[in-house]
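What you see is a predicted model, and the numbers here were worked out from it, not measured in a lab.
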Amino acid sequence: RKLDAQDELQRLGLIPVMEEMFERLPWFKSDSSPEGDETNESSRTEYQSEDQQGIHGPGCECTPESALCVQYLRLLHNFCDRDCDNYKGRRLLLSEDERNLVFGGNTRDVPPASGLLSKVT
């Protein structure tokens, strides 16, 4: 069942792993990569030469890197997707500072550290 899988992933510590993965994924790389960054361009050219139309047909610019980012977001969405509003797993997406701010325990004037939810949005 989905709920059992979500609970097990939470128990195993999925969110800290997802936070670490977020920092390593190529979120903001584009075709207009800076000069000297030939890795992104060469992998794109190599990938497109295998299938000139792209994996989704003519004009498709998907790369293995962008597909990995999409799968990451799907995993994160499926982890959070529950019918009930009182799901404690969603709170794990907030940093401790953000949880204190949202749930009333923040007494500092310092901006809270960003949790995974803040990074993704």
[X] side chain vs [Y] backbone, donor-acceptor pair below 3.5 Å:
{"X": "Arg91", "Y": "Arg99", "result": "no"}
{"X": "Gln6", "Y": "Asp81", "result": "yes"}
{"X": "Glu65", "Y": "Pro26", "result": "no"}
{"X": "Trp27", "Y": "Phe22", "result": "yes"}

Identify whether Val70 and Leu68 are in the same connected component of the hydrophobic contact network (ILVMFWY, side-chain heavy atoms under 4.5 Å). no

Hey, quick one: are Leu3 and Leu76 part of the same hydrophobic cluster, counting side-chain heavy atoms closer than 4.5 Å, chains of contacts allowed? no

Please identify each residue that fulfils side-chain hydrogen bond (donor to acceptor under 3.5 Å, both in side chains) with Arg11, with sequence neighbours left out. Glu8

Atom pair CD/CG of Glu20 and Leu25 - distance to nearest 0.5 Å: 11.0 Å

Is the number of heavy atoms from other residues, nucleotides or ligands under 6.0 Å of Glu96 CD greater than 12? no

Please report the shortest heavy-atom distance between Gln10 and Leu92, naming the atom on each side. CG-CD1, 3.6 Å

Which heavy-atom pair separates Met18 from Leu75 by the least distance, and what is that distance? SD-CD2, 3.6 Å

